[in-house]
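First the structure, in the form of structure tokens, and then the observations on it.
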Amino acid sequence: MRDLKHLIYFENLLQEANNDLVKQAKSEGKLALGYTCYFMPEVLLDLPGCFSVRLRAPRCTSPDMATYYMSGRTCHYGRSLMERALEGGFNFLDAQLATETCTVTCRFQEHLRQKHLDSVDDMQIIQNDHFQCEFTDVPFKKNENSIQHYQEQLQAHVLDFLHNNYGVDTSDDAILKSIEAHNEVCRLINEIGDYRKLDNPTITGYEFAVITLVSMACPKYLIIDKLRETAEELKTREPDSKPQYRCKVVLTGSENDDPDFTKLIESCGALVVCDRYCYGAAEARIPIEIREGESPLRAIARHYLLTSQCTRFMEQAEMRSRKQRIADLAKEYHADGIIVASNKFCEYWSYERVIDTIVLHRDFGYPVCSIEKEYINSASGQLRTRFQAFVESVEIKKLQEGK
């Protein structure tokens, strides 16, 4: 297939958190608001005068300094973020909007927060005198009381925090405009992603991962035109006459913001046609619907709580629902198998991955490849061997079934 016009530009934007578009938005006087979790609604961080940045630590392979503060038995993702912060990579942030969700990112964000204690010298990691870190509590259940609690938390720790400290317009009209802009990004990403459902897809999993990440790591108003051009370009993009893959897979699991991990899978012959993981589009790019009689904030609280597939929800019905969701995506995208990947020392996914490996094969009949990985994969040779063996097993299954 011919190269996508903006792919190299998108790839370059993902090399640093403080990329060219972030610098441009900052030069225009806008507030850079960092976050790490789906439960911090990016739509509220894109209010007038602000832009959201979902934090990443590209190319961080040895978080030695962060390990001193966080220990070597914590998730590499949280340590990598801490390492990048210690290096000065997040000094552009005006605030970090944190959530009480993933344990290790909580520890990372607690280090960012100024303690102002008399007993010890306070370490100012973010070299920005206006920087603040605010935490939002997120419920562990999905019911009416949980939605109400979540809404109150978002009001107090996001809207009131932004208005009182930075003078941000947090009116219903401002939120409605932000929802409209957010839904436009979702529409474009979903339109682009739908080409992965074709018998012979006209976009690779790697390309889609790059495009999705750009929409989270850059100010949306500065990237939207190129997303529109890419969606238009794909309408006439012709697939390869002979497919360059041997099977199709759904990639699911924990935090993953490394497109090269998807590229590694695809280099082994498995086309990634759907991604259901943190930083993926399967949840993050579902448009927000405002129901009759709902306030914009209520709609946002309901949307993010009920659409989440996070493994922190431990009820049996929720656990079964997550397995069904992955199986439904595999069917919708015509996948032949499923790859479940978790980060080493991930508290929630260390359990979920094991259960998925058993249930998705036993109850839904999909071949499953179970991988535990680091945030940035230095052991690519070992992973390549695993993926190649999995692709061969999927091919054998298809031959046995006469497909």
Side-chain angles (χ1 to χ4, degrees), residues 17 33-47 51-57 75 77-78 81 95-106 108-109 134-142 146-147 149-151 153-154 157-158 175 178-179 181-183 185-186 189-190 193 208-209 211-218 220 250-258 274-289 297-314 318-319 321-322 325-326 329 341-343 346-349 352 375:
L33 305 178
Y35 71 111
T36 61
C37 181
Y38 180 73
F39 285 116
M40 177 48 61
E42 60 183 312
V43 66
L44 293 180
L45 310 188
D46 289 320
L47 287 167
F51 66 94
S52 61
V53 179
R54 194 160 183 175
L55 296 187
R56 304 165 56 249
C75 167
Y77 169 59
L81 291 181
Q96 170 69 10
L97 279 297
T99 52
E100 294 281 0
T101 47
C102 166
T103 304
V104 175
T105 58
C106 279
F108 153 68
Q109 289 159 153
E134 182 74 359
F135 280 84
T136 296
D137 178 58
V138 180
F140 276 89
K141 291 189 176 182
K142 298 181 179 182
S146 298
I147 296 173
H149 174 73
Y150 188 34
Q151 179 182 347
Q153 286 287 304
L154 293 177
H157 298 290
V158 180
I175 298 174
S178 186
I179 291 175
H182 176 84
N183 285 349
V185 171
C186 292
I189 296 294
N190 289 327
F208 187 76
I211 293 168
T212 301
L213 280 173
V214 162
S215 75
M216 298 179 183
C218 299
K220 293 178 180 59
V250 170
L251 177 58
T252 185
S254 61
E255 194 282 337
N256 181 11
D257 62 52
D258 181 15
C274 181
D275 38 46
R276 203 249 55 86
Y277 49 69
C278 299
Y279 287 67
E283 294 168 52
R285 292 299 170 246
I286 300 174
I288 299 170
E289 171 196 4
L297 183 59
R298 165 76 181 191
I300 289 170
R302 173 185 52 77
H303 173 87
Y304 280 89
L305 195 62
L306 299 188
T307 59
S308 172
Q309 297 291 312
C310 184
T311 55
R312 68 196 297 274
F313 295 109
M314 297 295 187
E318 285 297 324
M319 295 178 73
S321 175
R322 290 197 293 271
R325 170 67 169 159
I326 294 170
L329 288 171
S342 69
N343 285 333
C346 179
E347 181 178 4
Y348 294 123
W349 272 96
E352 187 82 359
Y375 175 60

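Because the structure is predicted, anything quoted here is derived from the model rather than measured.
- In this structure, S308 has no side chain to side chain donor-acceptor pair (under 3.5 Å) partners at least two apart in sequence or on a different chain.
- For the atom pair SG (C278) and OH (Y348), the distance works out to 11.5 Å, reported to the nearest 0.5 Å.
- H157 pairs by the side chain to side chain donor-acceptor pair (under 3.5 Å) definition with E134, not counting sequence neighbours.
- In this structure, H182 and Y304 have tilted ring planes: the angle between them lies in the 30° to 60° band.
- For the salt bridge (Lys or Arg N to Asp or Glu O under 4.0 Å) test, no residue two or more places apart in sequence or in another chain qualifies with E100.
- Contact check for N256 versus D275: no side-chain heavy atoms found under the 4.5 Å cut-off.
- T307 and Y38 are linked by a side-chain donor-acceptor pair at a separation below 3.5 angstrom, with hydrogens and angles left out of the test.
- Applying the ring pair (Phe, Tyr, Trp, His ring centres under 6.0 Å) rule to Y375 yields the partners Y77; only residues at least two apart in sequence or on another chain are considered.
- Listed by chain and number, the residues in a salt bridge (Lys or Arg N to Asp or Glu O under 4.0 Å) with K220 are E42, D46 (sequence neighbours excluded).
- Annotation: side chain of V158 is not in contact with side chain of P41 (no heavy-atom distance under 4.5 Å).
- Side-chain atoms of N183 come within 3.5 Å of backbone N or O of I288 as a donor-acceptor pair.
- Among residues two or more places apart in sequence or in another chain, the side chain to side chain donor-acceptor pair (under 3.5 Å) test is passed with S215 by R285.
- Using modelled atom types, one side-chain atom of S178 and one backbone atom of V43 make a donor-acceptor pair closer than 3.5 Å.
- With sequence neighbours left out, the salt bridge (Lys or Arg N to Asp or Glu O under 4.0 Å) criterion links D257 to R56.
- With a 4.5 Å cut-off on side-chain heavy atoms, D137 and H149 count as touching.
- A search for salt bridge (Lys or Arg N to Asp or Glu O under 4.0 Å) contacts involving R312 returns nothing, not counting sequence neighbours.
- Considering CZ of F140 and OG1 of T101, their distance stands at 8.5 Å, rounded to 0.5 Å.
- The shortest heavy-atom contact between P139 and F313 is O-CE2, 3.8 Å.
- Using a 4.5 Å cut-off on side-chain heavy atoms (C-beta onward), T105 and T99 make no contact.
- Going from atom CG of L305 over to atom CD1 of I300 covers 13.5 Å, rounded to the nearest 0.5 Å.
- Listed by chain and number, the residues in a ring pair (Phe, Tyr, Trp, His ring centres under 6.0 Å) with F135 amount to none (sequence neighbours excluded).
- The closest side-chain heavy-atom distance from L306 to I147 is below 4.5 Å.
- The side chain to side chain donor-acceptor pair (under 3.5 Å) test applied to E289 returns no partner, not counting sequence neighbours.
- Under the rule for a side-chain contact (heavy atoms from CB on, under 4.5 Å), the partners of C346 that lie at least two apart in sequence or sit in another chain are S254, N343, W349.
- Residues satisfying the ring pair (Phe, Tyr, Trp, His ring centres under 6.0 Å) criterion with Y277, sequence neighbours excluded, are absent altogether.
- Between atom OG1 of residue T136 and atom OH of residue Y150 there is a gap of 7.5 Å, rounded to the nearest 0.5 Å.
- Between F39 and L154, every side-chain heavy-atom pair lies at or beyond the 4.5 Å cut-off.
- Between M319 and M314, the closest heavy-atom pair is SD-O, 3.5 Å.
- Here I189 contributes atom CD1 and I286 contributes atom CD1; the two are 13.5 Å apart, rounded to the nearest 0.5 Å.
- Atom OH of Y35 sits about 12.5 Å away from atom CD of Q109, to the nearest 0.5 Å.
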